[in-house]
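Only heavy atoms go into these numbers, but all of them, side chains included; no hydrogens, no water, no symmetry mates.
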Amino acid sequence: MSDIDIPEDIRYDVDSDGIATLTLDAVGQSANTLGDRFSAALAAAIDHVIAEKDSLRGVVITSAKKTFVAGTDLNQIRGYNRDNIAELAAMLNAGKAGFRALETLGIPVVAALNGSALGGGLELALACHHRIALDAPKVEIGLPEVQLGLLPGGGGVVRTVRMFGIQQALLSVLLQGQKYPPAKALAVGLIDELAATPEELIAQAKSWIKANPDACQPWDRKGYKIPGGAPGSPAFAQILPALPANLRKQLKGQPMPAPRAILAAAVEGAQVDIDSAGLIETRYLCELVIGPVSKNMISSFFFDLQSINKGGSRPDGYPVTEFRKAAVLGAGMMGAGIAYVQARAGMTVLLKDLSVEAAEKGKDYSRGLLDKAVAKGKMTPQRRDEILDRIIPTADYADLEGADLVVEAVFEDPEVKKQVFADAEKVVAADALLGSNTSTLPITGLATGVERPADFIGLHFFSPVDKMPLVEIVVGAQTSDATLAKAIDYTLAIKKTPIVVNDSRGFFTSRVIAGFLDEALELLHEGVSPVSIEQAGVQAGYPAPPLQLFDELTLTLPLKIHRSMEEGYAAEGRPTYTQNATGVLARMVEELGRGGRSAGAGFYDYDENGKRGKLWPGLREAFGGTTEIPLREMKDRMMIRQSVDTVRCFDEGVLRTVADANIGSIFGIGYPAWSGGVIQFIKQYEGGIAGFVSRAQELADRYGERFAPSQTLLDSAKTGTLFE
Ligand code: NAD
């Protein structure tokens with residue numbers, strides 16, 4: 001064994017066959033992350049191998065951590081701006097030169113992926129001649145940079161294009177950043193072999209080296225051509241124009257620079273030699289790194305999410321609670337979904353409805369989802385049966401005896417809810433968590449119906465429960481910290497992301513989503529064409545346009561909520577800013593008889609099977625449709641209204657942390673992902689917080705008080721910081 005010249009982060013062993021193994025093991029870190037220090041260690045290790053290559057038969061690269069290499073150090077990436085970006089370019093280009101030296105070493109180099117290889121980790125592996133991955137659960141392989149507004153800048157674009165051809169590399173690896181389990185990665189071609197155990201992984205790597213002494217990358221062989229043709233080739237000439245057109249269709253006008261940069265780096269890089277392609281890739285990545293969108297996405301999808309999932313809002317000092325027996329009251333749409341996610345997480349679930357038949361129907365929902373997973377080969381029939389066996393339908397409260405958790409999802413009626421809690425409380429464990437999935441009723445009010453209000457809390461799920469990642473935890477006036485800690489433990493146990501809000505009308509999500517929806521109604525009221533309104537919503541980056549979303553929700557429910565909110569606010573002497581929106585809803589429902597999709601007619605027309613057709617032509621007659629407002633102004637109105645109201649939520653003590661606001665807005669209510677969330681949008685607005693505030697004031701002068709920034713924002717415009 002020798003470790004001359006190599007920092008302690010990488011072990012270097014040579015076996016009796018002359019095969020060197022580099023074991024990546026960043027000192028004092030739980031994962032190998034490609035920051036300054038570890039990149040330097042890797043470069044030193046590669047130099048060392050180059051110096052010794054004449055005495056070596058081959059090289060295996062593996063890791064001593066749970067993952068192979070975790071990717072780039074995002075903390076470092078966040079710190080680059082126009083002034084210091086040249087440092088990043090130099091570091092990337094030096095890294096690429098090292099990778100290039102590795103793949104042109106003249107002896108075989110094998111990546112033995114003992115765990116996940118994502119981003120930079122996979123890029124290192126792609127610079128090896130052969131890749132073998134341990135076939136274990138949780139191992140993921142891919143280049144997910146696009147999901148953070150970045151592109152793979154360690155040769156990932158250059159090499160996947162040369163391995164698969166431009167189109168295939170874009171579709172299966174780069175543009176969506178798919179993370180594949182090992183067997184899928186093998187099918188796609190990102191890896192070459194699977195290994196069943198860590199020992200076999202290394203043994204297979206060494207036997208490949210012995211069998212392939214002349215290993216060489218395909219692109220370094222004479223006569224190599226890019227699969228599917230280079231951009232200049234006749235074969236490719238027909239596809240080329242379709243690529244940007246397809247991308248435009250996919251992005252729908254959202255400001256997402258990363259996919260465009262990836263496409264450009266792939267096409268431009270395919271026309272030049274591999275080293276020049278690497279420089280092109282670096283240039284595009286540097287542009288993305290200094291732009292606002294990658295900073296937004298890294299801030300929310302990495303740092304905010306990490307803080308939340310580590311229990312950032314969980315009160316300190318309470319031991320983690322494990323839930324074993326859960327009671328779900330109400331087996332309707334929500335209860336059935338909640339039962340499913342709990343059973344998947346290993347809990348025994350008593351699913352209670354008015355009759356056993358109704359409860360059985362709720363269980364059928366899980367059966368349907370699990371059967372589908374089995375049919376697709378994603379789950380074994382045994383695992384399906386295990387999960388299903390854990391759901392016990394019942395109509396008898398006695399069966400809930402000893403349950404350590406109650407989640408209530410019966411009708412949205414305070415009296416019914418109070419009654420079911422009163423009945424359940426008699427039989428469940430004396431310290432069971434008492435959670436309600438109400439979407440509108442104040443938690444503090446519902447808590448008056450139970451004996452233990454300190455144990456009562458809101459667990460607001462989103463529909464469909466199995467797909468939506470968020471749970472909005474609502475803390476009532478009497479809810480204890482111990483209960484909040486338990487609710488966060490529960491939410492993390494069912495693999496959802498918890499955000500924590502204090503009790504108030506509409507909580508955070510239902511209140512702030514209304515800003516987007518109501519602004520669309522304001523525009524309609526002003527006589528803007530409904531087609532343009534929908535277009536503005538889509539181009540801003542909302543997953544569904546606002547009028548379409550209204551139809552899905554039905555117009556009757558929002559109308560009811562608007563009216564009760566207006567009454568409630570009037571009693572408190574607070575403004576609601578909703579009169580025009582309520583007027584549009586009332587006309588649609590009460591005069592024009594168009595209550596939404598379930599009514600067969602809403603802002604859109606529907607055929608007899610409920611399939612959505614075009615926007616209803618009568619809208620123009622009813623509301624005008626000739627007022628012209630620039631798209632940018634409409635997009636700003638939707639997003640700024642929501643952000644201004646979010647700051648009011650902080651002012652009123654509804655929200656507690658910025659991470660909760662950002663993640664809640666993207667995961668719960670479809671706020672545009674590129675923005676990094678409702679608060680991040682303010683911080684990264686053109687001109688910073690001051691720029692946002694002056695734009696909000698401009699909109700307030702033109703359209704009304706709903707856009708007026710609160711004192712908190714006015715102060716932030718001066719200090720340049722918000723909730724820090
Ligand atoms: P649903 O009508 O589909 O289901 C309600 C179920 O409760 C029915 O199966 C009913 O038989 C059962 N039920 C009624 N009284 C009962 C009793 N006394 N004991 C046991 N079961 C009883 O309604 P849903 O859409 O599932 O909504 C349930 C709750 O979740 C409501 O409070 C709603 O506001 C809330 N919520 C709904 C959504 C959504 O998108 N639908 C989203 C978040 C929260």
Side-chain angles (χ1 to χ4, degrees), residues 300-328 334 337-347 349 403-409 428-429 431-439 443-444 446-447 450 452-462 465-466 468-504 507-510 649-650 653-669 677 723:
S300 60
F301 292 118
F302 192 77
F303 290 100
D304 286 345
L305 198 56
Q306 196 178 48
S307 136
I308 288 177
N309 286 335
K310 278 191 181 154
S313 301
R314 189 181 184 278
D316 290 334
Y318 299 96
V320 173
T321 305
E322 259 186 59
F323 296 94
R324 293 198 179 81
K325 184 172 176 184
V328 176
M334 298 303 286
I338 294 166
Y340 170 76
V341 293
Q342 291 178 343
R344 277 203 77 140
M347 297 172 200
V349 182
D404 42 26
L405 162 76
V406 179
V407 183
E408 168 278 311
V428 298
D431 61 349
L433 180 71
L434 305 172
S436 172
N437 178 43
T438 177
S439 40
I443 290 302
T444 307
L446 287 180
V450 299
R452 295 181 283 122
D455 297 347
F456 194 85
I457 198 159
L459 297 171
H460 182 202
F461 285 82
F462 295 77
V465 177
D466 47 291
M468 296 290 283
L470 198 74
V471 174
E472 184 176 34
I473 296 179
V474 186
V475 177
Q478 297 194 57
T479 306
S480 70
D481 271 3
T483 300
L484 172 57
K486 275 187 176 183
I488 290 179
D489 295 342
Y490 161 71
T491 309
L492 294 175
I494 56 169
K495 300 204 165 50
K496 301 279 178 201
T497 298
I499 63 163
V500 179
V501 308
N502 290 330
D503 196 14
S504 120
F507 315 134
F508 162 59
T509 53
S510 308
C649 285
F650 277 96
V654 177
L655 275 168
R656 300 172 168 207
T657 71
V658 168
D660 285 348
N662 284 335
I663 290 298
S665 69
I666 298 175
F667 283 14
I669 53 177
F723 307 132

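With a 4.5 Å cut-off on side-chain heavy atoms, Tyr340 and Val465 do not count as touching.
A distance of 6.5 Å separates CE of Met347 from CD1 of Ile494, quoted to the nearest 0.5 Å. Rounded to the nearest 0.5 angstrom, Ile488 CD1 and Ile499 CD1 are separated by 11.0 Å. To the nearest 0.5 Å, the span separating CD1 on Ile457 from OG1 on Thr483 amounts to 6.5 Å. Distance CD1/Ile663 to CG/Leu305: 4.5 Å, rounded to 0.5 Å. Atoms CG and CG, from Asp455 and Leu405 in turn, are 11.5 Å apart once rounded to the nearest 0.5 Å. Residue Ile443 holds its CD1 atom at 7.5 Å from OG1 of Thr479, rounded to the nearest 0.5 Å.
Judged by distance alone, with hydrogens and angles left aside, the side-chain atoms of Glu472 form no donor-acceptor pair with the main-chain N or O of Gly664 at under 3.5 Å.
Within a 6.0 Å sphere centred on CD of Glu322, other residues, nucleotides and ligands contribute 12 heavy atoms or fewer.
Contact between Ile666 and Ser300 at its shortest, heavy atoms only, is CD1-OG, 4.0 Å.
Of the listed residues (Thr438, Asn437, Leu470), just one forms a side-chain contact (heavy atoms from CB on, under 4.5 Å) with His460, and that residue is Asn437. Remark: of the listed residues Thr657, Asn309, Asn662, Asn662 is the sole one forming a side chain to side chain donor-acceptor pair (under 3.5 Å) with Asp304.
Contacts of Asp431 classified as side-chain contact (heavy atoms from CB on, under 4.5 Å), with partners at least two apart in sequence or in another chain: Ala429, Lys486. Ser313 meets the side chain to side chain donor-acceptor pair (under 3.5 Å) test with Asp660; sequence neighbours excluded.
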query = Passes side-chain contact (heavy atoms from CB on, under 4.5 Å), Leu459 versus Tyr490? Steps please.
reply = CA-CA 10 Å; Leu459 297 171; Tyr490 161 71; 3.8 Å; yes
*asked:* Could you walk me through whether Arg314 and Thr491 satisfy the side-chain contact (heavy atoms from CB on, under 4.5 Å) test, starting with their C-alpha distance in whole Å, then the side-chain angles of each, then the deciding distance to 0.1 Å, before giving a yes or no?
replied: CA-CA 11 Å; Arg314 189 181 184 278; Thr491 309; over 6 Å; no
Item to complete: List the steps, then state whether side-chain contact (heavy atoms from CB on, under 4.5 Å) holds for Leu446 with Phe456.
Response: CA-CA 9 Å; Leu446 287 180; Phe456 194 85; 3.7 Å; yes
Checklist entry - Stepwise, does the side-chain contact (heavy atoms from CB on, under 4.5 Å) test hold for Arg344 with Asp466? => result CA-CA 10 Å; Arg344 277 203 77 140; Asp466 47 291; over 6 Å; no
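Applying the side chain to side chain donor-acceptor pair (under 3.5 Å) test to pairs two or more places apart or on separate chains, none has a residue in residues 492-501.
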